[in-house]
Amino acid sequence: MLRYCIIGLVALTVALFALSLYTLFAGLSGAIQGDAFGLDLNTDESTGDWLFTFDANPRNGGVLAVRLFIQLEIMSLDGESLAKNSTSVYIDAGGQQQFSLTLLIPGEDVQRYLLEGQEGIFEMKFGISTLGDLVGFTQTMRIRGGAPT
Amino acid sequence: MKVNAKATAKAAVILIFFTVIPLFGQHLIPSEFFNAFSTQGFDILGLLNKIALIGLAVAVLVLLKGNVGKTSDRYLALSIAWKLLWLFIVFFAVGLGHPETLGLAVISSKAGGVENSVTFDFRLFAGLATAIVALMIIRSIVEFQKTESAVTAKEPNVKPD
């Protein structure tokens, strides 16, 4: 009895590992391919506000459903958060889901922290998980830089 | 003490492939290769040294297990140690060379003004592996007790005069 429990559990573990790994890589390649992602920065000339718009149309090529998580944040160099927004979408196996995320930085913060030779930090967190969020990985990228010219 | 030639040969092969080759082979690899990976937050040299240590532990266990009778207490202890070592190897694999993370591996790198970190969450498999190893240890103990009682029953009773 115990022997069959062990064999069953080993088979289940191996199957789940293979399926989830395949789904994560297939989901990731579907998420980052070609025109799946787009990031735009628009400035409102009248108010001086900055508006980051993140558009995505990822496809899940895996055999299990995945959850994608995106978080964008703009910070000053001393770590003060100027704007932050996040969203997550659930995509069924073989499905595709469109979503967008906007980030508004008020003009006064732009003047105070991001213009006139000052630098800020742009942080992007991207996560993909499957098996009810039990397996996955998250990438956090922080870019330090000045205002775009 | 009679030495089990088969176990010795197995241990020698494991030692060559998992300890000797990773330790001495790393001197043949150009340092640029290691540098390329280390800038991505991946310590290949440390990984090879850990694999060499695991190889040594596996070889020692194979050697000891092959030279102990299946009905002795030491065989049970070695059998449990063997299963725990496999659990450690699973933690090592799902932790991408960091078994102490128990399946939650983090790789970080920094280049210029860009910081990048990737977190892999494979704790589910670490948990499942722990459950499997726990069941295997229970099975080993049950089987050992069965074998021991069978051997005791076969032994002739010596009655005093």
Side-chain angles (χ1 to χ4, degrees), chain A residues 1-25 27-28 32 64 66-67 69 71 73-75 77 79 114 118-148, chain B residues 39-42 76 79-80 82-84 86-98 101-147:
Chain A
M1 177 66 186
L2 197 57
R3 185 172 173 238
Y4 293 111
C5 272
I6 294 167
I7 293 170
L9 207 52
V10 169
L12 179 77
T13 305
V14 171
L16 286 180
F17 186 72
L19 285 175
S20 58
L21 219 58
Y22 173 75
T23 299
L24 287 179
F25 282 107
L28 184 70
I32 60 172
L64 300 170
V66 294
R67 183 181 298 282
F69 170 80
Q71 181 181 288
E73 187 171 8
I74 306 282
M75 289 179 278
L77 278 186
L114 302 173
Q118 296 213 58
E119 285 188 326
I121 296 167
F122 173 74
E123 186 185 275
M124 182 173 164
K125 201 177 268 188
F126 171 79
I128 181 167
S129 59
T130 187
L131 281 175
D133 295 341
L134 289 171
V135 183
F137 65 85
T138 308
Q139 183 182 23
T140 307
M141 194 167 64
R142 295 179 116 203
I143 304 168
R144 183 180 157 155
Chain B
T39 53
Q40 301 300 316
F42 218 74
L76 178 66
S79 178
I80 292 171
W82 177 253
K83 286 165 180 74
L84 290 175
W86 274 112
L87 184 63
F88 180 81
I89 292 170
V90 170
F91 283 175
F92 182 81
V94 295
L96 303 175
H98 297 277
T101 62
L102 305 177
L104 190 72
V106 182
I107 295 174
S108 302
S109 64
K110 195 174 178 180
V114 181
E115 281 176 54
N116 197 21
S117 84
V118 186
T119 306
F120 295 88
D121 189 355
F122 291 132
R123 286 176 292 181
L124 171 73
F125 303 111
L128 283 169
T130 308
I132 290 166
V133 167
L135 286 174
M136 285 169 99
I137 289 173
I138 292 168
R139 186 169 174 251
S140 290
I141 294 168
V142 169
E143 285 201 337
F144 176 76
Q145 284 171 341
K146 270 188 201 168
T147 316

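Just so it is clear, the model here is predicted, and its values are computed rather than measured. Throughout, protein chains are lettered first and strands after them, A, B, ... in sequence-line order, and every chain is numbered starting at 1.
Residues of residues 119-126 of chain B lying within less than 4.5 angstrom of chain A, judged on heavy atoms, are B/Thr119, B/Phe120, B/Asp121, B/Phe122, B/Leu124, B/Phe125 in numerical order.
Contacts with chain B were tallied for A/Cys5, A/Ser20, A/Gly127, A/Gly136; A/Gly136 has the most, counting heavy-atom pairs under 4.5 Å. Between chain A and the residues B/Val114, B/Ile132, B/Leu128, the most heavy-atom pairs under 4.5 angstrom are made by B/Ile132.
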Could you list the donor-acceptor pairs under 3.5 angstrom formed by side chains in residues 101-110 of chain B, with sequence neighbours left out?
| unit_1 | atom_1 | unit_2 | atom_2 | d |
| --- | --- | --- | --- | --- |
| B/Thr101 | OG1 | B/His98 | O | 2.7 |

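Nearest approach of A/Ile128 to A/Leu28, heavy atoms of both residues: CD1-N, 3.6 Å.
Contacts between A/Leu16 and chain B at a heavy-atom distance below 4.5 Å involve backbone atoms as well as side-chain atoms.
Looking only at atom types and distance, the side chain of A/Lys125 has no donor-acceptor partner in the side chain of A/Thr138 under 3.5 Å away.
Note that the CD atom of B/Glu143 and the CG atom of B/Leu76 stand 11.0 Å from one another [nearest 0.5 Å].
Residues satisfying the ring-ring contact (aromatic ring centres under 6.0 Å, His included) test with B/Phe92, not counting sequence neighbours, are none. Here B/Gln145 pairs with B/Ile141 under the side chain to side chain contact (heavy atoms under 4.5 Å, CB included) rule; sequence neighbours left out.
Residue A/Tyr22 places its OH atom among 12 or fewer non-hydrogen atoms of other residues, nucleotides or ligands, all under 6.0 Å distant.
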